[in-house]
Amino acid sequence: MQRAREWLREARCVAALTGAGISAESGVPTFRGAGGLWRQFRPEDLATPEAFARDPRLVWEWYDWRRGLIAATEPNAGHLALAELERRCGRFTLVTQNVDGLHDRAGSREVLKVHGDIWEVRCTGCGRAGRDDRVPLPDLPPRCDCGALLRPGVVWFGEMLPQEVWRRAECAAREAEVFLVIGTAAVVYPAAGLVDRAKAAGAKVIEINLDATPYSEEVDCSLRGRAGELLPQLIA
Ligand code: OAD
């Protein structure tokens, strides 16, 4: 921890990649591991373009339920510590796989959401995109004014990541002197590949996770524990 704090204090350019684990202490379910969403549900039934084409109502019911869970939560000390780091650090980029919006609510100003945002909706007909915070949504599946179905503004399995967001995330990973990997199982690509990219470009990589991940042996420092406890210590 002491070494990691020094690296962070000395770095002029820092980037972080977060995953579901950072929101776990807020009460948002993770995907893998005990109590994870993918233990209860099959991604191919709910988080693919094919699932949406087959049964848009079912897919929307699942997202509407998740939106309700998220709306009842608050950002935790881990989210707040990253917002504080952004304020302090000369150059800081936050890349998240999370769609819950808790980094925004914690005060992070620039968040690269590589898997989209559960509070955004996009028209499958005219392509219009916007934000809808209503919980629950009044009609499922929701429709655009043009009459076509709206879809959640998230990235499903088999889809491309938003190109410009991804380009900026890759750039941040390449330029970072310190790269933080927080609360992610680091098994979903291309997002997890940012760790390789940062490492290859010479960053000190610091992992914060409750458990070991495929990267734990490769990173410069692996801190085992809760993000909500370790992040405030790291930036103290
Ligand atoms: P996972 O659910 O796969 O992994 C969560 C990670 O957080 C695990 O490694 C846990 O050990 C760790 N963890 C849990 N609680 C923690 C805590 N309090 N502090 C620190 N670590 C904790 O979530 P992701 O890696 O984010 O994609 O999953 C990546 C992607 O897979 C998601 O964005 C989603 C999913 O399918 C799409 O839907 C496209």
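Just so you know, residue 1 is the first one in the sequence shown, and it goes up from there. When a ligand or atom number is given, it counts from 1 through the structure's own listing order. Everything numeric in this text was worked out from a predicted model, so none of it was measured.
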Visitor: On the six-membered ring of W60, is R151 placed so that its NZ or CZ lies under 6.0 angstrom from the centre and within 45° of the ring axis?
Guide: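 No cation-pi geometry.
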
Visitor: Looking only at distance, does N98 have an N or O less than 3.5 Å from an N or O of ligand 1?
Guide: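 For ligand 1, there is no N or O atom that lies under 3.5 Å from one belonging to N98.
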
Visitor: Measure the distances from the heavy atoms of G225 to every atom of ligand 1 and state whether one is below 4.0 angstrom.
Guide: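 Flag set, G225 near ligand 1.
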
Visitor: Under 4.0 Å from ligand 1, counting heavy atoms only, is it the side chain of L210, its backbone, both or neither?
Guide: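 For L210, backbone and side-chain atoms both sit under 4.0 Å from ligand 1.
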
Visitor: Just wondering, are more than 12 heavy atoms of other shown residues or ligands nearer than 6.0 Å to CD in E217?
Guide: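 No, not enclosed.
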
Visitor: Have Y215 and D196 got a donor and an acceptor in their side chains that come within less than 3.5 Å?
Guide: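 Note: Y215 and D196 side chains meet the donor-acceptor criterion.
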
Visitor: Under a 3.5 Å cutoff, is there a donor and acceptor pairing between the side chains of E110 and T93?
Guide: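 Their side chains do not contain a donor-acceptor pair, so the 3.5 Å distance test is not met.
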
Visitor: Measuring centre to centre across the rings, with the benzene-like ring taken for any Trp, is W65 within less than 6.0 Å of F41?
Guide: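 Yes, close enough.
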
Visitor: Out of G35, G78, A212, G183, who gets a non-hydrogen atom closest to atom 5 (C) of ligand 1?
Guide: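 The residue whose heavy atom sits nearest atom 5 (C) of ligand 1 is G183.
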
Visitor: I want to know if ligand 1 touches R32 in the polar sense, i.e. an N/O pair below 3.5 angstrom.
Guide: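 Yes; the residue has a nitrogen or oxygen that sits under 3.5 Å from a nitrogen or oxygen of the ligand.
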
Visitor: Out of F157, Y189, F31, indicate the one that has the non-hydrogen atom closest to atom 34 (C) of ligand 1.
Guide: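 Ranked by closest heavy atom to atom 34 (C) of ligand 1, first place is F31.
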
Visitor: Would A20 count as a polar contact of ligand 1, with the cut-off being nitrogen or oxygen pairs under 3.5 Å?
Guide: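 For ligand 1, there is an N or O atom that lies under 3.5 Å from one belonging to A20.
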
Visitor: Does a salt bridge link E175 with R91, judged by any charged N lying under 4.0 Å from a carboxylate O?
Guide: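 Looking at R91 together with E175, the answer is yes, because their closest N to O distance falls below 4.0 Å.
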
Visitor: Among all protein heavy atoms, pick out the one at the shortest distance from atom 9 (O) of ligand 1; state its residue, atom name and that distance to 0.1 Å.
Guide: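 Going atom by atom, the protein heavy atom closest to atom 9 (O) of ligand 1 ends up being N209 ND2, 3.0 Å.
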
Visitor: Looking only at side-chain N and O atoms, does H103 offer a donor or acceptor that is under 3.5 Å from a partner on T18?
Guide: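 Short answer, yes.
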
Visitor: Pick one of side chain, backbone, both or neither for how A24 approaches ligand 1, counting any non-hydrogen atom pair under 4.0 Å.
Guide: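 Side chain only; the backbone of A24 stays clear of ligand 1.
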
Visitor: Between A185 and ligand 1, does any nitrogen or oxygen pair lie at a separation below 3.5 Å?
Guide: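 Among all N and O atoms of A185, at least one is under 3.5 Å from an N or O of ligand 1.
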
Visitor: Nearest heavy atom to atom 30 (C) of ligand 1: which of V188, L161, I208 does it belong to?
Guide: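 Checking each option, the heavy atom nearest atom 30 (C) of ligand 1 is found in V188.
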
Visitor: Just to be sure I read this right, does ligand 1 sit under 4.0 Å from the backbone of E25, its side chain, both, or neither, counting only heavy atoms?
Guide: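 Just the side chain.
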
Visitor: Using a 4.0 Å heavy-atom threshold (strictly under), name the region of V155 that reaches ligand 1: side chain, backbone, both or neither.
Guide: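 Backbone only.
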
Visitor: Thinking salt bridges, do R67 and D100 make one under a 4.0 Å N-O criterion?
Guide: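 Salt bridge absent between R67 and D100.
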
Visitor: Between Q97 and ligand 1, find which residue part has any heavy-atom pair under 4.0 Å and reply side chain, backbone, both or neither.
Guide: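 Answer for Q97: both.
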
